[in-house]
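Below, chains carry the letters A, B, ... as their sequence lines are ordered, and counting in each starts from 1.
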Amino acid sequence: MGRTLPRNDELAERFELLADLLELDGADAFRLAAYRRAAQRIRESAVSVAGLALEGKAKRLAGIGGTIERKIAELAETGDLEALAKLRTRLPEGLVEVMRVPGLGSKTARRLWAELGVTGLEELRAAAESGRVRELPGLGEKTEARILRSLAASAPRAEATGRALLGSVLPFVERVVAELATHPAAERVSEAGSVRRRAETVRDLDVIATARGGAELTAFLAGRPWVVEVLAQGPTKATVVSVDGLRLDLRVVPPACYGNLLQHFTGSKDHNVALREEAVRHGLSVSEYGVETAATGKVATHETEEELYVALGYEWIPPELRENRGELEAARAGALPALVRRADVLGDLHAHTDWSDGRVTLEQLVAAARARGQRYLAICDHAKRLGDGRLERQTEAIRELDASLDDIELLCGVEVDIRADGSLDLDDGRLAARDWVVASIHSGLRDPGPELTRRVLAAIESPHVDCIGHPTGRKLNRRPPSDLDLEAVVARCAETGTFLEINGQPDRLDLRDTHARLAAEAGVGIVLSSDAHSAAGLGYLDLAVAQARRGWLTAAQVVNARPWPEVKEMMKR
DNA sequence: GCCGTTTTCGGCCCGACTGTTTTCAGTCG
């Protein structure tokens with residue numbers, strides 16, 4: 001085998017840089033948009049796009065044509081792009097950062113370079129501090145002050161990604177929606193934006209409402225005790241900052257176009273752009289205020305999203321699918337999947353107690369699971385904490401508790417480590433006696449892809465391993481996914497009948513949406529897990545369900561959307 | 001640069017806000 005192929009995120013980064021430099025170079029805006037669309041498509045792809053390009057198959061991805069396919073192949077073969085090298089000789093690369101300063105853009109950045117010699121953030125700061133920025137025609141004192149504010153604010157923040165975990169904000173948004181709904185002036189209130197789409201991380205929070213008296217409702221929001229700062233407040237809009245530093249936008253809209261506005265503010269941007277482009281081809285112009293028929297100039301409004309999508313020729317599309325990943329075509333054909341719902345999931349197959357690193361007793365965890373209506377629960381404490389006969393004693397405790405309960409079935413599971421050599425940290429005899437076995441990698445996550453892949457494939461070959469836990473080992477905002485060859489893992493899971501997990505821990509959500517979709521389409525059973533280490537942690541199952549829905553999964557593709565006896569029949573052993 | 005149920009050429013979502021302007025360009029979501 002020759003050089004290793006560039007990863008999708010590495011390819012995407014190259015094309016994003018290419019687009020930025022082209023923008024600074026004054027290239028046609030549609031060309032830049034094409035590179036950026038392609039970059040996003042590559043980043044989201046569940047399969048190696050470099051691999052596809054070398055086989056001439058990358059063109060199958062929407063937004064990638066012959067030119068970009070050749071450039072991907074060039075990157076895979078030479079490690080660089082001629083186009084990029086050429087631009088670098090013409091433009092200072094630091095100008096990209098200047099362009100990124102809020103309020104500035106490519107045009108302004110280019111002028112700052114051409115007229116003041118600014119080639120990076122340091123020179124920008126110096127130019128602003130010495131009052132030279134305000135001397136350029138079209139720029140003034142306010143712009144100069146804003147640049148200095150942005151530079152001061154962004155320096156310490158550079159480390160953080162600035163995006164909050166869905167799991168950490170969702171309960172808050174739900175509380176805000178409920179609070180607003182209790183106000184007498186409120187009529188309809190809904191979450192919107194990336195939270196409504198259940199994106200794994202979000203930058204800010206959006207809520208929209210209809211109301212008799214918008215000013216009253218925005219004033220009510222601004223006066224909530226958890227609000228520490230009011231950035232804007234008027235009759236139709238308020239922006240506040242919460243004690244946790246979360247920015248929340250409330251928009252109050254007329255009832256007649258509630259559907260149009262909810263759709264608009266739910267996004268995603270890519271979904272809306274694609275939807276509007278398609279509408280234009282049908283002689284319709286879509287905005288947040290309604291749908292205008294170009295020929296007559298008549299504007300139709302829609303009280304609900306359902307009416308809006310139907311008027312445009314689609315089935316209503318669940319928010320989790322609105323990422324322009326094929327949902328518009330499917331909705332037009334009436335071929336959207338019936339997504340798995342929370343109520344479909346009958347049991348939880350991955351939870352911990354204080355027999356290992358959980359923070360609750362077995363009894364407490366089981367009580368919480370019963371309160372949530374779980375019909376079965378697999379106790380999966382770490383094998384390495386269950387030596388010296390503790391595994392056997394825990395088994396007894398689980399069996400005894402199980403015998404005393406008739407509304408829930410308790411399973412003696414285990415989470416085993418996949419060691420560096422691919423072996424498991426529990427012997428075959430004990431593994432065979434478990435009801436359910438999750439195997440996970442907890443070490444060497446930065447090792448080269450081929451090594452990690454060998455380890456996971458070895459675990460898949462074990463007749464006792466039912467499911468691979470948090471397969472890529474990523475921690476959102478903290479640790480990138482490992483270089484595991486997921487395509488190879490998926491293929492072998494499909495052949496052996498091994499399941500893959502969507503781990504619902506807020507910072508894991510692993511598998512991610514596109515990988516789950518790839519695996520399920522290949523016929524691999526997907527297990528939705530809380531990986532709870534506490535009673536409240538059982539609620540992370542909801543996040544796993546959300547991620548599954550973003551991965552287009554139906555109940556039939558979810559292993560634990562079945563009663564336990566049927567799960568047992570699906571298992572490979 | 002991509003794309004096609006009019007098109008292989010000529011389109012490419014739509015509106016709000018800001019700062020700097022006398023009518024708009026740039027930026028943002």
Side-chain angles (χ1 to χ4, degrees), chain A residues 15-16 18-20 22-42 58-72 81 83 98-112 133-147 149-150 192-194 197 199 202-206 208 231-232 234 236-237 239 247 249 251 253 257 260-261 263-292 294-295 299 312-313 322 324 328-329 332-333:
Chain A
F15 284 110
E16 277 153 9
L18 181 57
D20 289 343
L22 281 169
E23 184 174 353
L24 286 164
D25 202 38
D28 172 60
F30 295 109
R31 217 172 128 215
L32 316 174
Y35 278 120
R36 291 190 174 127
R37 259 200 311 276
Q40 180 160 358
R41 184 69 57 179
I42 294 166
K59 283 194 293 291
R60 291 180 191 173
L61 300 177
I64 295 180
T67 305
I68 292 182
E69 178 171 275
R70 275 191 299 280
K71 284 188 157 67
I72 297 168
L81 285 179
V98 174
M99 178 176 94
R100 288 278 159 69
V101 172
L104 302 186
S106 61
K107 304 269 169 63
T108 314
R110 194 184 164 90
R111 289 189 54 206
L112 288 165
V133 169
R134 74 179 74 171
E135 286 166 10
L136 294 188
L139 300 180
E141 287 180 36
K142 286 195 177 174
T143 303
E144 198 170 80
R146 184 168 182 199
I147 288 171
R149 267 204 316 276
S150 300
S194 47
R197 300 198 312 278
V202 303
R203 197 178 47 227
D204 47 27
L205 313 175
D206 291 291
I208 84 162
L231 297 177
T236 63
K237 186 184 156 170
T239 302
R247 198 188 137 113
D249 276 324
R251 289 163 209 265
V253 307
C257 56
N260 305 87
L261 279 143
Q263 196 281 329
H264 172 78
F265 286 117
T266 296
S268 66
K269 183 176 191 291
D270 288 340
H271 173 86
N272 285 350
V273 168
L275 177 115
R276 290 168 179 199
E277 280 175 351
E278 183 63 20
V280 167
R281 288 193 275 276
H282 290 82
L284 300 170
S285 172
V286 177
S287 80
E288 56 265 54
Y289 302 111
V291 179
E292 180 180 343
V299 177
L312 294 173
R322 299 183 197 171
N324 193 26
L328 288 163
E329 294 79 356
R332 193 168 277 288

Taking OP1 and OP2 of B:dG26, is either one under 4.0 Å from a side-chain nitrogen or oxygen of A:Ser106? no
Pairwise C1' distance for B:dT23 and B:dT18, with rounding to whole Å: 15 Å
Please report the distance, rounded to the nearest Å, between CD in A:Gln263 and C1' in B:dG15. 14 Å
Hey, is A:Asp20 close enough to A:Arg100 for a salt bridge, meaning N to O under 4.0 Å? yes
Counting side-chain heavy atoms from CB outward, which of B:dC14, B:dC2, B:dC13 is closest to A:Phe30? B:dC13
Nearest-nucleotide 5' precedence on DNA chain B, A:Gly140 against A:Val280: A:Val280
Between B:dC3 and B:dT8, how far apart are the two C1' atoms, rounded to whole Å? 10 Å
Step-by-step side-chain contact (heavy atoms from CB on, under 4.5 Å) determination, A:Glu278 to A:Leu312: CA-CA 9 Å; A:Glu278 183 63 20; A:Leu312 294 173; over 6 Å; no
Quick one: A:Leu81 CG to B:dG1 C1', roughly how many Å, whole number? 14 Å
Start with the C-alpha gap between A:Ile42 and A:Ile64, add the side-chain angles, then the distance that decides, and say whether side-chain contact (heavy atoms from CB on, under 4.5 Å) holds. CA-CA 9 Å; A:Ile42 294 166; A:Ile64 295 180; 3.8 Å; yes
Check the distance between B:dT18's P and A:Leu139's CG and give it to me in whole angstrom. 17 Å
Nearest of B:dC13, B:dG1, B:dT20 to any side-chain atom of A:Ala34? B:dG1
Quick one: A:Glu23 CD to B:dC28 C1', roughly how many Å, whole number? 12 Å
Rounded interatomic separation in angstrom, taking CD from A:Glu144 and C1' from B:dT18: 17 Å
Applying the Watson-Crick and G-U wobble criteria at under 3.5 Å, what pairs with B:dT8? Answer none if nothing qualifies. none
Which nucleotide sits closest to the side chain of A:Glu277: B:dG29, B:dC13, B:dT20? B:dC13
Does A:Leu18 form a side-chain contact (heavy atoms from CB on, under 4.5 Å) with A:Lys71? I'd like the steps, not just the answer. CA-CA 11 Å; A:Leu18 181 57; A:Lys71 284 188 157 67; 4.3 Å; yes
Base, sugar-phosphate or nothing for A:Leu32? Non-hydrogen atoms, less than 4.0 Å. nothing
Suppose you measure atom C1' in B:dT21 against the same atom in B:dT27; what distance do you get, rounded to whole Å? 16 Å
For the pair A:Arg332 and A:Glu329, find out whether any cationic side-chain nitrogen is under 4.0 Å from an anionic carboxylate oxygen. no
Taking atom C1' of B:dG19 as reference, at what distance in whole Å does atom CZ of A:Arg149 sit? 13 Å
What distance, rounded to whole Å, do you find between the two P atoms, one in B:dC17 and one in B:dC12? 25 Å
Any chance you could lay out the side-chain contact (heavy atoms from CB on, under 4.5 Å) test for A:Glu144 and A:Leu139, step after step, and finish with the verdict? CA-CA 8 Å; A:Glu144 198 170 80; A:Leu139 300 180; over 6 Å; no
Just by modelled atom types, is the A:Leu104 backbone N or O under 3.5 Å from a matching donor or acceptor in the A:Thr108 side chain? no
Just call it for A:Leu275: base, sugar-phosphate, or nothing, with non-hydrogen atoms closer than 4.0 Å on any strand. nothing
Between B:dT20 and B:dC28, how many Å separate the two P atoms, rounded to a whole number? 15 Å
Considering only B:dT27, B:dC2, B:dC13, which nucleotide approaches the side chain of A:Thr108 most closely? B:dT27
If I pick the P atom on B:dT6 and the same atom on B:dG1, what distance separates them, to the nearest angstrom? 27 Å
From the list A:Arg110, A:Arg31, A:Arg36, salt bridge (Lys or Arg N to Asp or Glu O under 4.0 Å) partner of A:Glu23 resolves to A:Arg36
Separation between the P atoms of B:dC2 and B:dC13, rounded to whole Å: 16 Å
Taking OP1 and OP2 of B:dC13, is either one under 4.0 Å from a side-chain nitrogen or oxygen of A:Arg276? no
Taking only the side-chain nitrogens and oxygens of A:Ser287, find out if one of them lies under 4.0 Å from OP1 or OP2 of B:dC13. no
Just to be sure I understand the rule, does A:Asp28 reach a base, reach only the sugar-phosphate, or reach nothing, if contact means heavy atoms closer than 4.0 Å? base
Please report the distance, rounded to the nearest Å, between NZ in A:Lys237 and P in B:dG29. 11 Å
Taking only side-chain nitrogens and oxygens of A:Thr67, does any of them come within less than 4.0 Å of OP1 or OP2 of B:dC2? yes
Just compare B:dG1, B:dT20, B:dG15 and give me whichever is closest to any side-chain atom of A:Glu288. B:dG15
With a non-hydrogen cut-off below 4.0 angstrom, is A:Glu292 in contact with a base, only sugar-phosphate, or nothing? nothing
Select base, sugar-phosphate, or nothing to describe what A:Ala62 touches, counting heavy atoms under 4.0 Å on all strands. sugar-phosphate
Contacts of A:Asn272 and A:Gly63 projected onto DNA chain B by closest heavy atom; the upstream (5') one is A:Gly63
A:Tyr289 side chain: which of B:dA16, B:dT20, B:dC13 is closest? B:dA16
Taking B:dT27, B:dG15, B:dG1 as options, the one with an atom nearest any side-chain atom of A:Lys107 is B:dT27
Just how far, in rounded Å, is C1' of B:dT5 from CD of A:Glu278? 10 Å
Reckon A:Lys269 touches a base, only the sugar-phosphate, or nothing at all at heavy-atom distances under 4.0 Å? base
